[in-house]
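Heavy-atom basis, side chains included; hydrogens, waters and symmetry copies ignored. Keep in mind that what you see is a predicted model, and the values were worked out from it rather than measured.
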Amino acid sequence: MQEYNFKEIESKWQKYWQTKGTYIVDEDYKKEKFYVLDMFPYPSGEGLHVGHPLGYIASDIYSRYKTLKGYNVLHPMGYDSFGLPAEQYAIQTGQHPKITTKVNINRYREQLDRIGFSYDWSREIRTSDVKYYKWTQWIFSLLFSSAYCKTQDKAIDINEVINYFSKNGNINSSYVCDEKIDTFSSEEWNNYPDEEKEKILLYYRLAFLSDTLVNWCEELGTVLANDEVKNGVSERGGHPVEQKKMRQWSLRITAYTERLLLGLDKIDFSESLKIQQKNWIGKSKGATLYFDIDGFDEQIEVFTTRPDTIFGVGFMTLAPEHPLVEKITTKEYINSVNKYVKNTIKKNERERQADVNKISGEFTGAYAIHPITNKKIPIWIGDYVLISYGSGAVMAVPCGDQRDWDFAKHFNIEIINIFKDVDISKAANEDKSVVLSNSDFLNDLPVKKAIKKILYYIQENSLGQSTTKYRLRDAIFSRQRYWGEPFPVYYKNEIPYLLDDNIQVELPKIETYLPTSTGQPPLARAEKDAWNVFKGDRMDYNTMPGYAGSSWYFLRYMDPNNESVFADSKKLDYWNQVDLYIGGAEHAVGHLLYSRFFTKFLFDKGYLKFDEPFKKLINQGMIGGEIEFLLLKKIDNKNHFFSYDIIKKDELNDFSKIPIHINFVKNYGTDQSYLDIESIEQFISWRPDYSDAVFVCEGGKYEKGELSSNTKDAKFITKTEKGKMSKRYYNTIDPSVICEKYGADTLRCYEMFLGPLTDHKPWSIKGISGVSNFLKKLWSLYFVDGEFSVNENKATEQELKILHKTIKKITEDLDRYSFNTIVSSLMISVNELKSINCKNKQILSDFLILVSPYAPHIAEEIWSKLGNMSSITKANWPKFNKEFIIENSYEYPISFNGKMRFKIKLSLSLSKQDIEAEVLSHSKTQTYLEGKKIKKIIVVPKRIVNIVY
Ligand code: ANZ
């Protein structure tokens, strides 16, 4: 019989697809489109492991399915190719990041090609490509030339703002701007020198320069975005991050907060993802109140969500960086306050909020005046108050707020209880049901009513006003690195100006990629003539962050080679929103929020007809790996590795765990993984630092090539743990290796078979042979006596039933993205077809189409053997016909006095009487009756027949 030779088949069809351009799509405006997108990868030096293609396989299956259903499917791929690792590598080796990036991309491409994806590679993009980043720079320029108008609720041209100022000044203007801006009249504006005007406009532009507190990572020599900092250290490399004030580019994403929130209702993202975005935006309704300071003209502005607790204010807490701290702190307290402020700056916001158990603060010696009771209230500083949120100061209400409570307890500050019938130490958690007392006019009011009443009072008496605050900050948009998009900006007297639209600035060549000795970014090293354009006093030395290129890449795929616009409007309109987006959950806020923002901005500017980029999003789960450890103990200062089976559980803590490369482990991925002598030798040559170690196992040991007598066939059992698949644990599995051994079709089916797409699951090779056997069985369906053979007979009822049951199941499962259940259904159907020896050409052709999204190579091969001249990807998805699966008979269980005795198959068209008659006339009935008289016959159509005697 002709063997299923996946190697030959897979490389043959991959070549065919490439030469025929099978997956190239054009704008076929008459055809309905469908856009399936993967989050494009950063091409790292490590290449792909089997966890990475999980989402790609799912999206590929879906694209193929939609194509077969007649849609014009856009399914592109590219590379997010600017970024830190290539630059770090450049610093170490002097090699230009462009070269490393290219090498890595080639490796990725090879690995991806091996899996047989249906990407239209003619649309490939690379964010580091000059032709691509030209348009990233263009979007930046557009942001720089725009402001946000609150009344029109959209981005507008900055000239509109300039025009307004020249007529009205900025009084009553409705443009979003930095809160700190002073007011000016039209006359003042018109008399300002140009440079002053430029400075003011920076407060309004959607891309602007300002002095901002940033996450500075000294080790990486750059600023990081909040989502690039995890637990106080940089996400990449784990280096310390501190807060530092620096002049940076930012994007005014805060102008879009409400629209970013509202938009969530229009898109199909998981609830948990929407909650993450909502929390990140962090909308809070409350009030701004002003407290006088005893002996000073200034007031302290606070933001509170609970103005109703104003009678419970025990003290004030300012963020240590608050500008008033220096001014109001008395001599007596100045030293301790200064010291505290210095220490705070070292921590970033997350650490400060996470440190709930470490209460810290200092008294300033100053007092505020309660706006209603006129009582004196001590003013403290404390790092639980963040400078970047609200107004950087709180009215502290210990009976209402847990952090204030903890602070008051810690520093022994008097606590006023304003709540009725409530255990005051728990009041902070009960704010929904609390009724207030203790004040004249808030007595016995439920919270909501109390807030309404106090807000009215506050406003009437000019003590403050109601306010909505957001946690979302403007997005810092510059990095002090080399390998990113340069800004299309030059400076005159340190005022930034845009280059003309049609002049692109390219990354200049520099000798080393490190910051200068004065701490300037690496681009400051570029000689004047190393720049392809040079204007003004100097060019901008910053580069854009990773999210610059990735916030709009899905649009460029629609028209990747256009040189006059970022994408043609007709094409943008046709391909429109991404219908299905699959990618990792780690991008829940960063990438997805920035892309939504860019899309809304481009929509405002009239470039797009949609303002949400992704209609539906699925986060694939992570694939974990098994980590293999050797257990090490020093005895007499000598390394001893012990086989896991000879160690007592309670002694495990005495051993350190050394991860070992899984290539050396025998039976990896099974329950009995171990090392033998050969693998110990491999291990030692990999880690020569352990060449003197002793390996101890049941009944003997191995040391420096010497075996004790009975260790020759011994097994040194490794300790296997489930964990991450990572280079660090030497447990990554290259998908190409699996393709080599089992075939790409098997890999594709197997990755889906592992479990629901969204689940986290460990990689294990255990079930792969089952999947590989399924494909072999599928192959054998089409052969008789080793010869490819199908017949053109009329399909039998049974054959049609199996086929249509499968069509129904697979279609429904695909429509609900249940990728894993389909593999089992296909396996069952293959078995069923095999068991009835189906050789019917029509049935087997349609069945093959159902298999093809999962296993496209084998499907193409058989499809061509079936006599088709074109690719199976050009076929039509079989139509489900319910007539073929309608059951026309039912197998009734026949019971006697409730006990089931036998079954008979009866037509569904029979009436109750007919059924009764059929059962009574059956020969077995008489046997079970044993001559007794029937009392009653119960017939439930399509269920049971019970004879009572
Ligand atoms: C008095 C009060 C009484 C408060 C009470 C709460 C409960 P969300 O909901 O997150 O917006 N706050 C204000 N600015 C702050 C800052 N910069 N750093 C830390 N905390 C700050 O939280 C708003 C509440 O957090 C505000 O309402 C304020 O404490 C505090 F029973 O004011 B509240």
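Using cut-offs of 30° and 60° on the angle between ring planes, the pair F664 and W686 is perpendicular. The aromatic rings of H857 and W17 sit tilted relative to each other, their planes meeting at an angle between 30° and 60°.
Counting only distance, with no hydrogens or angles, the side chain of S234 and the backbone of H239 share a donor-acceptor pair below 3.5 Å.
Using modelled atom types, one finds a donor on one side chain and an acceptor on the other under 3.5 Å when comparing D813 with T821. A donor and an acceptor atom, one from each side chain of H96 and Y482, are located under 3.5 Å apart. The closest side-chain donor-acceptor pair between Y513 and Q92, if any, does not fall under 3.5 angstrom. Between S871 and K20, the side chains place no donor N or O within less than 3.5 Å of an acceptor N or O (distance only, hydrogens not considered).
Tested against Y644, the residues L652, T718, L630 include a single side chain to side chain contact (heavy atoms under 4.5 Å, CB included) partner, L652.
F642 has its ring centre less than 6.0 Å from the ring centre of F655. Aromatic pair F695/F641: ring centres closer than 6.0 Å. Taking the six-membered ring for Trp, Y62 and Y817 have ring centres closer than 6.0 Å.
In this structure, F716 and D676 have side chains that are not in contact, with every pair of non-hydrogen atoms separated by 4.5 Å or more. Here the side chains of W763 and H49 are not in contact, with every heavy-atom distance at 4.5 Å or above. Under the 4.5 Å side-chain criterion, counting only non-hydrogen atoms from C-beta, Y119 is not in contact with P76.
Residues passing the salt bridge (charged side-chain N to carboxylate O under 4.0 Å, His left out) test with E860, sequence neighbours excluded: none.
C739 and L747 get closest at one heavy-atom pair: SG-CD2, 3.9 Å. Minimum interatomic distance between S673 and V665 (heavy atoms only, all atoms of both residues): CB-CG1, 3.5 Å. Closest non-hydrogen pair, P43 versus S81, comes out as CD-CA, 4.0 Å.
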